[in-house]
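Below is the structure I would like to discuss, written out as structure tokens.
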There are 2 protein chains.
Amino acid sequence: MDTAAPLPQEGTLPSSGHTDVPAGASIAADCPAVNDVLARVGDKWSMQVVMTLADGPVRFNALRRAIDGISQRMLTRTLRALERDGLVVRAVTPSVPPRVDYSLTELGRSLREPVRALGAWAIAHRAAIEAARADFDRREA
Amino acid sequence: MDTAAPLPQEGTLPSSGHTDVPAGASIAADCPAVNDVLARVGDKWSMQVVMTLADGPVRFNALRRAIDGISQRMLTRTLRALERDGLVVRAVTPSVPPRVDYSLTELGRSLREPVRALGAWAIAHRAAIEAARADFDRREA
DNA sequence: CAGTATCCAGCAGGATACTG
DNA sequence: CAGTATCCTGCTGGATACTG
């Protein structure tokens, strides 16, 4: 799994100041905007939707089939929320039957990058996380 | 009605070296691990805690005061969840009164980076998001 | 096809009180 | 100080039925 980084547990010794992170780290946490975005991005379906739209416009039911497990209600709600935040645009083609395509805005596209970084982290460390959980649960039980 | 957004169809053809995202974008979405991490990271307090611990070990009540708004119950729960996932370690000093320090593990520290990226995105685009919301709400009302 | 409306279960999360 | 225990509320999200 990971590269067995030799970095010691900085947590064990508070005496020697700290390690590497300047106070600037706070930019990412104490600001309410971050928590806000995390809440939007962290819900059950938003990022699934954004990533499914990453390759281009997708119709409502195609989206629904692509995501697997999402209910019609939640897809609608999620899309509306994303649209409200300017991450997604809704394009209606008035035909019979009606056709509605959803696609990412430039803002929405810019979100893919940090999310992909988080996704990469998740994939890189999932094994470590699962191992930690198993370990914790074993000790707990 | 909308601003005649020219619907950027980047996904339809990979011919012109387009922007930046290969088909590999799917790595970040269809995998359940990502959703899982997003759920953990996206809850109300986890990232606040991780970022507060970024500078080194912090005691329980110090953490509680630092985060502002978190209830004792939620701090305990959040810390337990983070500990279970191997992101945080709990160090007990058996004294009277008892002293418990929490700090990030190497895994937890590695999480700061992608989270900081997301935080940077949030800060960079919060204005755009709020504008989009106001716009949407105005149209909606 | 692309929604809206309604109902309902479950859990996140706050408030409060008590304990080693 | 660092929790645990209990109660309670609101929101998230699923299921189902109906509509333009």
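The chains referred to below are lettered A, B, ... by the order of the sequence lines, with proteins before strands, and numbering in each begins at 1. Computation of the quantities below employed the complete heavy-atom set of this structure, encompassing side-chain atoms and omitting hydrogens, waters and symmetry-equivalent molecules.
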**Asked** More than 12 foreign heavy atoms under 6.0 Å from CG of B:Asp68: is that the case here?
**Response** no
**Request:** Any pair with a residue in residues 92-121 of chain A that passes ring-ring contact (aromatic ring centres under 6.0 Å, His included), sequence neighbours left out, goes on the list, sorted by first then second residue, please.
**Result:** A:Trp121-A:His125
**Asked** Which residue lies toward the 5' end of DNA chain C, B:Arg64 or B:Thr78, if each is placed at its nearest nucleotide?
**Response** B:Thr78
**Prompt:** Taking the side chain as C-beta and beyond, is there a heavy-atom pair between A:Arg90 and A:Val92 under 4.5 Å?
**Reply:** yes
**Salt-bridge criterion met for B:Arg99 and B:Asp101 (N-O under 4.0 Å)** = yes
**Message:** Nearest to the B:Val100 side chain among D:dA2, D:dG14, C:dG3, which nucleotide is it?
**Reply:** D:dA2
**Whole angstrom value for the distance that separates P of C:dG10 from CG of A:Asp43** = 21 Å
**Asked** Can you name the closest pair of heavy atoms from B:Thr52 and B:Ala66 and give their distance?
**Response** CG2-CB, 3.8 Å
**Item:** Proximal nucleotide (of C:dG14, C:dC1, D:dA2) relative to the B:Met74 side chain
**Value:** C:dG14
**Request:** Measure the distance from CZ on B:Arg59 to C1' on D:dC1 and round it to the nearest whole Å.
**Result:** 7 Å
**Complete:** Checking C:dC1, C:dT4, D:dC1 against the side chain of B:Pro98 (C-beta onward), the nearest is D:dC1
**Message:** Can you give me the closest heavy-atom contact between A:Leu118 and B:Pro114, atom names plus distance?
**Reply:** CD1-CB, 3.6 Å
**Message:** So if I take the C1' atoms of five pairs at each end of the helix from C:dC1-D:dG20 to C:dG20-D:dC1 and get each local axis, what angle do the two axes make, rounded to 10 degrees?
**Reply:** 50°
**Prompt:** To the nearest angstrom, how far is A:Leu79 atom CG from C:dC1 atom C1'?
**Reply:** 14 Å
**Request:** Would you tell me if any nitrogen or oxygen in the side chain of B:Arg77 comes within less than 4.0 Å of OP1 or OP2 on C:dG13?
**Result:** no
**Request:** Could you check how far CG of A:Leu75 sits from P of C:dG3, rounded to whole Å?
**Result:** 8 Å
**Request:** Take A:Gly69 and B:Gln72, find for each the nucleotide of DNA chain D with the closest heavy atom, and name the residue whose nucleotide sits nearer the 5' end.
**Result:** B:Gln72
**Item:** Phosphate-side-chain proximity, B:Tyr102 and D:dG3, N/O vs OP1/OP2 below 4.0 Å
**Value:** yes
**Request:** Figure out the CD1/C1' separation between B:Ile67 and C:dG13, and round it to whole Å.
**Result:** 14 Å
**Item:** Full working for side-chain contact (heavy atoms from CB on, under 4.5 Å) between B:Ile129 and A:Leu107
**Value:** CA-CA 9 Å; B:Ile129 292 175; A:Leu107 188 59; 4.1 Å; yes
**Prompt:** Rounded to whole angstrom units, what separation is found between the NZ atom of B:Lys44 and the P atom of D:dT12?
**Reply:** 11 Å
**Asked** Does OP1 or OP2 of C:dA15 have a side-chain N or O of B:Arg73 closer than 4.0 Å?
**Response** no
**Message:** Between P on C:dG13 and CZ on B:Arg40, what's the gap in Å once rounded to a whole number?
**Reply:** 11 Å
**Fill in**
From the candidates C:dG3, D:dT4, D:dG13, the one with an atom nearest any side-chain atom of A:Arg80 is C:dG3
**Request:** Would you kindly give the CG-to-P distance between A:Asp101 and C:dG3, to the nearest whole Å?
**Result:** 10 Å
